[in-house]
Amino acid sequence: MYTGLQHLHSFLAYLVLVSLLIGIANGLMGYLKWRRFEEKDRKLALPALITTHLQFLIGLILYFISPKGLSNFSGEAMADATSRLYILEHPLTMIIAVVLITIGYVRGKKSDDSRKQFFSHWLFFGLGLVLILLRVPWSKFPW
Ligand code: HEM
Ligand code: HEM
């Protein structure tokens with residue numbers, strides 16, 4: 001199960017990035033063109049929410065079963081940059097990113113002001129994307 005989830009987590013990372021870019025691009029375009037926010041705009045943001053939530057869930061499971069996760073937590077591991085990335089920096093940064101993306105989507109759904117809806121999509125998805133890019137294990141990604 002560990003290897004399967006590890007591969008799924010790596011593969012989903014691509015879908016997370018692509019769907020976030022779609023959400024950000026659509027949000028930014030709608031915002032700049034002063035368009036009216038429609039149901040299709042919410043649907044274009046939905047893949048970003050689904051892929052990040054699923055990624056979060058898989059990441060959480062990995063954290064408990066991976067030898068690079070919780071079981072590796074120690075003072076020594078903290079002093080090593082790669083170990084620290086997996087036991088602390090990656091999970092923490094990704095959780096904050098997922099929360100921001102969820103806030104952006106929910107604000108986009110709840111507001112009835114098109115400007116705010118598009119704004120929430122590009123701003124919060126954009127912030128989430130920056131955080132993800134900051135703490136993805138680049139030594140393993142994109143290959
Ligand atoms: C521990 C795991 C998860 C947590 C804590 C979580 C949390 C949340 C929260 C807080 C929202 C916003 C609800 C709202 O106010 O509208 C949400 C929405 C959503 N989540 Fe998750 N989620 C998790 C896992 C998943 C998974 C595994 C999927 C699907 C693969 C998923 C799909 C969705 C979808 C589609 C929505 C949006 C529904 C809508 O259109 O309003 N979530 N989730
Ligand atoms: C949007 C969110 C996330 C993205 C894009 C992402 C991406 C990645 C990538 C690309 C890897 C490297 C995979 C490899 O070694 O081949 C990885 C590994 C890992 N991630 Fe995430 N991740 C996310 C969220 C999370 C979360 C929320 C957690 C934990 C709570 C987590 C825990 C882990 C762990 C423990 C590993 C190491 C797995 C192993 O190889 O044993 N990830 N992640």
Side-chain angles (χ1 to χ4, degrees), residues 1-31 35-143:
M1 183 173 95
Y2 167 55
T3 315
L5 285 180
Q6 201 185 17
H7 285 133
L8 193 59
H9 196 69
S10 305
F11 168 71
L12 253 178
Y14 291 98
L15 298 187
V16 165
L17 295 185
V18 171
S19 55
L20 273 175
L21 286 175
I22 293 172
I24 294 169
N26 187 62
L28 206 52
M29 249 136 54
Y31 184 78
R35 271 205 297 110
R36 206 169 70 82
F37 190 93
E38 290 165 14
E39 178 62 7
K40 80 163 174 39
D41 296 305
R42 189 189 64 82
K43 285 195 178 141
L44 275 171
L46 194 56
L49 191 80
I50 296 176
T51 51
T52 44
H53 280 202
L54 198 56
Q55 185 72 326
F56 166 75
L57 191 65
I58 297 165
L60 199 63
I61 301 171
L62 273 175
Y63 194 69
F64 291 101
I65 63 173
S66 163
K68 297 180 206 157
L70 189 63
S71 63
N72 191 32
F73 211 111
S74 71
E76 275 160 50
M78 277 296 167
D80 177 71
T82 310
S83 307
R84 194 174 58 237
L85 177 68
Y86 286 110
I87 56 178
L88 189 69
E89 296 170 3
H90 175 70
L92 201 61
T93 317
M94 298 303 139
I95 289 171
I96 299 170
V98 174
V99 168
L100 284 172
I101 290 160
T102 308
I103 292 175
Y105 173 84
V106 171
R107 277 173 54 121
K109 204 172 86 169
K110 293 213 170 129
S111 170
D112 48 13
D113 177 339
S114 291
R115 259 328 272 135
K116 281 195 188 144
Q117 287 171 299
F118 284 124
F119 182 74
S120 304
H121 279 187
W122 71 255
L123 181 72
F124 285 90
F125 286 14
L127 289 174
L129 179 62
V130 169
L131 288 181
I132 289 172
L133 294 180
L134 279 177
R135 278 298 171 269
V136 135
W138 288 110
S139 58
K140 295 276 187 153
F141 188 73
W143 293 282

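Just follow the structure's listing: the first ligand is 1, and inside any ligand the first atom is 1. Nothing fancy with the numbering, it's 1 onward along the sequence. Side-chain atoms are counted along with the backbone in the values below, which use heavy atoms only and exclude waters and symmetry mates.
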Are H121 and F37 close enough, and set up right, to give a ring pair (Phe, Tyr, Trp, His ring centres under 6.0 Å), and what steps lead you there?
CA-CA 11 Å; H121 279 187; F37 190 93; 5.4 Å; yes
side-chain contact (heavy atoms from CB on, under 4.5 Å) evaluation trace for L129 with L21:
CA-CA 8 Å; L129 179 62; L21 286 175; 3.9 Å; yes
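Every atom of ligand 2 is numbered from 1 in the order shown, and the set under 4.0 Å from a heavy atom of P91 is 29 (C), 30 (C). For ligand 2, the atoms sitting less than 4.0 Å from at least one non-hydrogen atom of I132 are 1 (C), 5 (C), numbered in the order shown with element in parentheses. Counting the atoms of ligand 2 from 1 in the order shown, those under 4.0 Å from a heavy atom of S10 are 13 (C), 14 (C), 16 (O). Atoms of ligand 2 found under 4.0 Å from any heavy atom of S66, numbered from 1 in the order shown, are 38 (C), 39 (C), 41 (O).
Within 6.0 Å of NZ in K116 there are 12 or fewer heavy atoms belonging to other residues, nucleotides or ligands. Counting non-hydrogen atoms of other residues, nucleotides and ligands closer than 6.0 Å to OH of Y2 gives a total above 12.
Aromatic ring pairs are classed by plane angle as parallel below 30°, tilted from 30° to 60° and perpendicular above 60°; the pair F119 and W122 is perpendicular.
Between the NE2 atom of H90 and the NE2 atom of H9, the angle centred on atom 21 (Fe) of ligand 2 amounts to 170° when rounded to 10°.
Looking at heavy atoms from C-beta onward, K68 lies out of side-chain contact with Y63 at the 4.5 angstrom threshold.
At a 3.5 angstrom cut-off on N or O pairs, Y2 counts as close to ligand 2. At a 3.5 angstrom cut-off on N or O pairs, Y63 does not count as close to ligand 2.
Sorted by chain and number, the residues within 4.0 Å of ligand 1 by heavy atom are R42, L49, I50, H53, L54, F56, L57, T102, Y105, V106, K109.
Using a non-hydrogen distance threshold of 4.0 Å, P137 registers as a contact of ligand 2.
One distance of note links CG of L131 with CD1 of I96; it measures 6.5 Å at 0.5 Å rounding.
Within the 4.0 Å heavy-atom criterion, neither part of L17 lies near ligand 2.
Nearest heavy atom pair, residue A97 against residue G128, reads CB-O, 3.6 Å.
Taking a cutoff of 4.0 Å between a charged side-chain nitrogen and a carboxylate oxygen, R36 and D41 do not qualify as a salt bridge.
The stretch residues 97-108 participates, sequence neighbours left out, in these side chain to side chain donor-acceptor pair (under 3.5 Å) pairs: R42-Y105, H53-T102, R107-S120.
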